[in-house]
Amino acid sequence: MKSSTIWFSVAGLSVAIILPFFLSQYWLHVMIISLFYVMMASSWNLLAGYTGQVSFAHAAFAGVGAYTSGMLSVFLGVSPWLGILIGIISAALLGLGLGVLCIRMGGIYLSLTTLGFSEIIRIIITNEDNWTRGTMGLQTPGLFVEYSKTGYYFIFLAVAVAIGVVIYKLIHSEWGLTMRAVLNDEIAASASGINTINVRLLAFTFTSAIAGLAGGLYGHYLMLVTPDIPSLGQMFLVLAMAVIGGMGSFAGPIVGSFVLEILSEYIREWGEYHVLIFGLIALAMARFAPEGLMGLWINKRKGHGHTN
Amino acid sequence: MGILIEGTQITKSFGGVTAVNGVDFHVLQGEIVGLIGPNGAGKTTLFNLITGLFSPDTGEITFAGKTLKGLKPFEICRLGIARTFQIVRPFLKMTCLENVLIGLIGKEGQTSRPQAKIRKARNIMQITGLAHLETRMAKDITLIEKKRLEVARALATGPKLILLDEVMAGLNLSEIQQASELIKKIRNDFNVTILWIEHVMGAIMKTSDRVIVMDQGKKIMEGKPDAVVADQRVIEAYLGQSDA
Amino acid sequence: MYLTNGIVIGIIYAISALGVTLIVGIMKVVNFAHGELYVFAGYFSYYMSVSLGLSPLVAMPLSVFLVFLIGLLMEKALIRPTYGDDMYSLIVTFILSIVLQNLALLIFGPYPNKPPNLIFGATNLFGLFYYGNQRLLSFFISLAILLFIFYLIKMTWFGKSIRAVSQDREMASRIGIDHYRINMLSFGLGAALAAAAGVILSPIFPVTPSGSAAISLTAFVVVVLGGMGSLKGCLVGGLILGIIENLGAAYISTMYRGIFGFILLILVLVFRPWGLYGQKT
Amino acid sequence: MKKFLSLFVFLMVLTIGSSCWAQGTVKIGVVGPRTGPAAATGQAFEEGIALAIDHINAAGGVLGKKLEIVFEDTGGVPEKAAAAFERLATKEKVPVVVGESHSSSALAEIELANRYKLPLIICEAWHDDITAKGYKWVFRAGPANSGVVDFYIAPFVKDMGFKKVAIVRENSDWGAGIAERTEFDLKKMNIPFTTLKIERDSKDFYTELTKLKAEKPDIILAYIYGTGLHFFIAQANEIGLSPRALVLDGAGPPSLWDSFWKNVGKAGDLELFMSSMHEKVHLTNTSRKFWDAYNKKYGKNPTDYKSRSIYNVILIAADAINRAKSTDAEKVVAALEKSNLEVTTGVVKFGLKSGSYEYHQWMPPMLVVQWQDKNQVVVYPKKAATGPLKKAK
């Protein structure tokens, strides 16, 4: 690890730990939501930015995690902690199944199938309202007996940091190298003895599990699980955060999550315009700066001399 | 010397075009075999069939006594067949060292201790003359270097047979000389059998033990280099092409 | 009755999906903004005929033409730079779909609108049941457009160049076909087909900005079902989906109408991943 | 990076500044859908809010200060509704929240109201549980499903002599709740019925309608909110089911939206809908005042009655704060429980007996209105009727 990276992490973490003692309840709430998006966008980036699989089911897997855990705790009285664990497993298994179905057919099929899958999840959730309470939303118990925003903040922070560390380790390992090779050139990778389908499947399953985890936590924080969690609108936000922050870089989606979530608090007054604004920014980024804010920043630090 | 790879009656069509038509071939252990023929003769398609990128419509390929039928490219590679591509395909957004590491990962699988692999990769880069490019991005090196990088990556997979597809295109005379040396070195030092496609006639005639000639999907001739150049059918195939 | 509605809706699905399959077949790009183009066309046709007082017969082709231009613009500004990078084209068109959807919300408001019917009332079909005249009319217009596109692709020079480009871009450019222009035109044509579906169907199913996702999704199911890039597959896929949805809704569950298509999609992926008429590679 | 930071600081200053600037007012929070499929409700709310602000500030404001309304968007979905309420509670720190027109959103909000001990007055979310849960902080000055069915829809079906009822309901809290209550009442009255669940944003109802037609109902209780209702009516007419079977829109506003006639065409004639407003029915002076003020401000008659509902609850909230002489939550609740205020739909008095939906509930009188040649005719209850019910020949 580069020393600058370590310094950044240490400084960021210290700020994060003392933050709740300065922030109002409201901004603490914004921070918790941002941390949820950090988990989502980082894991989606691992999938799309490192293996080139544009999945539109990431929010759906978060929904699987949230509903599994929510329904278990509401109907069977299972502890939310155990529920979240089962949620992670369900998301991973569904991810594996879906991956087996469509990954061998290549990128476009994966995107279309995952899009279809999120729609299936949405339809099932809205229709099985005896169990999921449909669009009405399922009210779930919290993680603590006594509601505490600071408590939730630290849980979210700990999980987000843990996920971050795992992802960081992964992309700097031989697995990460393999993923990049698959992204760079699938045919060349497989001609070099890499089982490209396995690499993709592994990434898809792993990131689905993370989405399940993030969704489970999110549901128990809001204490309300609705079809909004697995919606395409949510999916767009995650995607926009990764694209704006910078796909294919570790820090990109983290930066993107905070920037967009905090920005959205400021432009909330513009109501329906704010999704449009995110969309336009994301579109401009994808078109003119595909490496996102991180790419722009790194290029700036390198100076303008470096062109090819 | 036993037979390392053997194909019988290999045929492959795309739509209405038969790219490879009933080809028999074999390569012996430790041989250097040249594969020549005019453009569109089906040479690269044959490579793609061997490495599992396509599967033949009819016919079967066996490698070291095992059939390759139904195997995926990565499985074929792990059996010991490595290749380079006519239109180069290095991993552009990775460093040259990382490119070679992928070959080693393909052979040995992912481990958590990459040090040993890095040592091996450096060694291979030394041999292929790429040592100075270790940290350069593959997209930033010259075409010739990219071709060498592909050879290095192929070598890293620890092959028994290596398929080289026009690695000498665009080289000048002394570079061709170097490349020929490298090919011999690969065979002698690494004990790797070589099947290669080349248009640089001088090099292929001088370096190959045996030459196979293809035209319009069919094998029209095979034999010692000097016998091949003297053959009427081979001359016609090439002349026919220049007429067109 | 269920079967008839299935066939009519099936043809309607086929025409909605035609634009997607054309673009996928030629450019290997999935246009996620397909449904939005449909919605835009529906609104254009509404505003032209209601606010500007144009005859629907003028408003409809004019809207299609307008969306055709939008399609050309989209291709040039956003899709062309992504050639060869599947991932970015997916991301870009997905973002574009969200942008257009919200833009539609902004410009047209959240209220559904429908251009005036060309024809009112209902006809008693085969003496068995009543069926809306506008639906029947749309059915025949869709059928006509389908046939026209088949003709265009199979018989004309434009169609031949399109097929050449889709099979081998390099080869096509070697024999003097400007594949940039062909791509641009075919993207425009795809957009125009989305628009055609939009103007034909909006009198029956009024358009809303939020309805676009469902339109795209149905189109994608049809395209995967029929096989990517296959026109015949598109027609057959649309019919199958329309019939299965309606029979399923009638005899199994109306609530799960939307899901039958996806179950079909998954079955296709398991047993025949290249679709009914797609090319196996 | 520097630029980004300075932008950040600038925005920070902007928000802090704006909250200081609002010191001299009393804020009341409003929740409702400004975006999403029911954004029309948000517009009706905006109109009602503007009129309520005018009215209250002209009458001396709240606690001697000007009234200010903070309207947070719920998008019509519970998750956003919860976030909106969260903002009102923790960021805007309003003493009371009013509004809402989606049961699902309201059910999410009451949990937060309970957690933050923040009084909430619901106006147009009908689900029984909103008040039946017995939360001390939650009030409703508007219809409850059971009330609407028990006092209006079921008696209407019975009194008008309908023989066979079809219930078509969307899959939402409101749809489920109101359908269940209707089934319960019809069973008690021995009127045969059949129920069909449909998806809320569906556009093609041919299959459902064909199924229904076989049942030969003479009235269809359509519990569908939004433009889905329009397609339903148009298609029911196309396949020849209505107007032989009359359609009753159990919510009301969708039958009054501008797009209604455009979408349904002639099929809209003889359609029935629930309402709490009619130009000829004025139950109180406030009702007339509202009607005139609306006409003056917007140059037209009010259509969506939800503009009046939100107006009412703002009046109720302001009145309670004034009587409590404080924005303290406990005191406001105590004052609300003693409410005795004339609003547009009557005199508000909240029920105090807990254990049912009538706790903290006040229900305004409703009307069943029929479109007859594009005129709204009140057909039920009889004492308010402006004309007879017309059935198809």
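Residue numbering restarts at 1 for every chain, and letters A, B, ... go by the order of the sequence lines.
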Problem set entry | Option that, when pairs with chain A are counted at under 4.5 Å, heavy atom only, ranks first among B:Lys107, B:Glu75, B:Arg89 | B:Arg89
Seminar exercise, completed: Residue from A:Ala191, A:Gly248, A:Ala188 scoring the most non-hydrogen pairs under 4.5 Å with chain B is A:Ala188
Exercise. Hey, which residues of residues 86-103 of chain A are touching chain B, say heavy atoms under 4.5 Å apart?
Worked result: none
Exercise. Which residues, numbered in order, of residues 171-186 of chain A come under 4.5 angstrom of chain B by heavy-atom distance?
Worked result: A:Glu174, A:Trp175, A:Leu177, A:Thr178, A:Arg180, A:Ala181, A:Asn184, A:Asp185
For this session: Report, as yes or no, whether the 6.0 Å neighbourhood of atom CG on B:Asp189 holds more than 12 heavy atoms from other residues, nucleotides or ligands.
Result: yes
Seminar exercise, completed: Contacts satisfying ring pair (Phe, Tyr, Trp, His ring centres under 6.0 Å) that involve residues 54-109 of chain B (not counting sequence neighbours) are B:Phe14-B:Phe54
Seminar exercise, completed: So CG of B:Leu101 and OG of A:Ser192: to nearest 0.5 Å the spacing works out to 11.5 Å
Exercise. By a 4.5 Å heavy-atom criterion (distance strictly below it), what part of B:Leu92 contacts chain A: side chain, backbone, both, or neither?
Worked result: both
Exercise. Quick one: of B:Lys117, B:Lys72, B:Glu150, B:Arg83, who has the most non-hydrogen atom pairs under 4.5 Å with chain A?
Worked result: B:Lys117
Problem set entry | Other residues, nucleotides, ligands: >12 heavy atoms within 6.0 Å of B:Gln126 CD | no
Exercise. Top residue by heavy-atom pair count (under 4.5 Å) with chain A, among B:Gly109, B:Cys77, B:Ala156?
Worked result: B:Cys77
Problem set entry | side-chain hydrogen bond (donor to acceptor under 3.5 Å, both in side chains) contacts touching residues 154-166 of chain B (sequence neighbours left out) | B:Thr44-B:Asp165, B:Gln86-B:Glu166, B:Glu166-B:His199
